[in-house]
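First listed ligand is number 1; within each ligand, the first listed atom is number 1.
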Amino acid sequence: MLVVMNARASEAEARAVCEKIRRMGLTPHPMPGEGRTAIGITGNPGPLDPLAFESMPGVLQAIPVTKPYKLVGREIKPDDSVVRVGPEKARLGGGAFSVIAGPCAIESREQALAAARAVKAAGAVLFRGGAYKPRTSPYAFQGLGEEGLEILKEVRAETGLGIVTEAVDPPSMEKVAAVADMVQIGARNMQNYSLLRLAGGCGRPVLLKRGMSATLEELLMAAEYVLSEGNYDVVLCERGVRTFADHTRNTLDLAIVPAVKRLSHLPILVDPSHGTGRREKVEPLALAALAAGADGLLVEVHPDPDAALSDGPQSLAPDAFGELMAKLPKLAAALGRKMAEK
Ligand code: PEP
Ligand code: MN
């Protein structure tokens, strides 16, 4: 159920609705919008009676939510959400195009700082880099863990860039949330519901990557887990899905961008690095993502891609990243869009 307050309703009237919802043993989720506030209700096992709310002062309408997700849908919040991240309050969503970049994994202080300086100079608004890496092989480099987090702190202190890094399980969630400006939940954990609930309570914005065989509805339901815990700062990320095609590592599903935009108010980024697995295909797909209406990119950049300990074949060298970053504003202008401010 969604309780829509009328445009002139007072804060006290909205508060009274929230109190009533709590007294019913349910959870209110006020979502202030441009022209109105809507209050979502979660926790009810069955339908609620709209009359219980429609008789209250300031309430325009109480409407049942028709979709299985309640908080991530446009029904509750028609205007786009904007998520602000990091010391400079980098903007994700709401029209501007924002680029997050950095290496797949943090390998050393020197590597991380070189990557961070390069992506900052080229115009990235946030730095990405994994301290905890979910690897297909148990014998592959698993990330530096806490040492990696210490390096990420230094990167932020030196460059001022906000940090995006992945949590893979409950112990790493706690450590990552203490350091990161945005917590990444990777494709392999998109349906790890206990981890999603922890992300909902972690106190940081969340970057939620699409599972490699997840439908749009499964992605939105995963985001719903995070919002249902009271964390509304969620950004989705398309990173390619598994198909029969073997000319790329995954098949980047750019059609999900307009599909998400129709159904949800959450921002969506595109990751052309994991989406293609091949360096030379990153730029064309990055440009296509902008044209498709994405809110930004997540791009892997390594100071020496051929020596990378993970995902080297899909990582851009700083020069190639700079070339991509120089093309994006021109395409954005042609589309009537703007790059996010640094
Ligand atoms: C990553 O961003 O480095 C990563 C592991 O991505 P994904 O979860 O999409 O595979
Ligand atoms: Mn990677």
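Here the Mn ion (ligand 2) is the vertex; the SG atom in C104 and the NE2 atom in H274 give an angle of 170° (to 10°).
Of the possible donor and acceptor atoms, none in the side chain of S264 sits under 3.5 Å from a partner among the backbone N and O of G73. Judged by distance alone, the side chain of R210 and the main-chain N or O of A187 form no donor-acceptor pair under 3.5 Å. Of the possible donor and acceptor atoms, one in the side chain of K77 sits under 3.5 Å from a partner among the backbone N and O of D79. The backbone N or O of P267 sits nowhere less than 3.5 Å from a side-chain atom of D295 that would complete a donor-acceptor pair. The closest donor-acceptor contact from the side chain of R135 to the backbone of G143 lies at 3.5 Å or more, if one exists at all. Without hydrogens or angle criteria, N6 side chain to L60 main chain gives no donor-acceptor distance under 3.5 Å.
When only non-hydrogen protein atoms are considered, atom 2 (O) of ligand 1 lies nearest to R128 NH1, 2.7 Å. Among protein heavy atoms, the minimum distance from atom 4 (C) of ligand 1 is reached at H274 NE2, 3.4 Å.
Between E300 and ligand 1, at least one N/O pair is under 3.5 Å apart. Remark: ligand 1 and K209 share an N or O pair separated by less than 3.5 Å (distance only, no angle test).
Residue L144 holds its CG atom at 5.5 Å from CD1 of I151, rounded to the nearest 0.5 Å. Between L328 atom CG and E323 atom CD the span is 12.0 Å, to the nearest 0.5 Å.
Atoms of ligand 1 found under 4.0 Å from any heavy atom of G186 (numbered from 1 in listed order, with element): 8 (O). When each atom of ligand 1 is checked for a heavy atom of R188 under 4.0 Å away, the hits are 7 (P), 8 (O), 10 (O). Proximity to K133 (heavy-atom distance under 4.0 Å) selects the following atoms of ligand 1: 1 (C), 3 (O), 5 (C). Residue A187 approaches ligand 1 through these ligand atoms, each under 4.0 Å from one of its heavy atoms: 7 (P), 8 (O), 9 (O). Here is the list of ligand 1 atoms found below 4.0 Å of a heavy atom in R239: 7 (P), 9 (O), 10 (O).
Between Y193 and Y225, the ring planes are parallel. Angles under 30° get that label, and only those over 60° would be called perpendicular.
Using a 4.0 Å cut-off between heavy atoms, M212 makes no contact with ligand 1 at all.
Ligand 1 lies less than 4.0 angstrom from a heavy atom belonging to C104. For the pair R210 and ligand 1, no heavy-atom separation below 4.0 Å is found.
Here the N, O or S atom of E300 that is nearest to the Mn ion (ligand 2) is OE2. The N, O or S atom of D311 lying closest to the Mn ion (ligand 2) is OD2.
Nearest heavy atoms, F127 versus I100: C-CG2, 4.4 Å.
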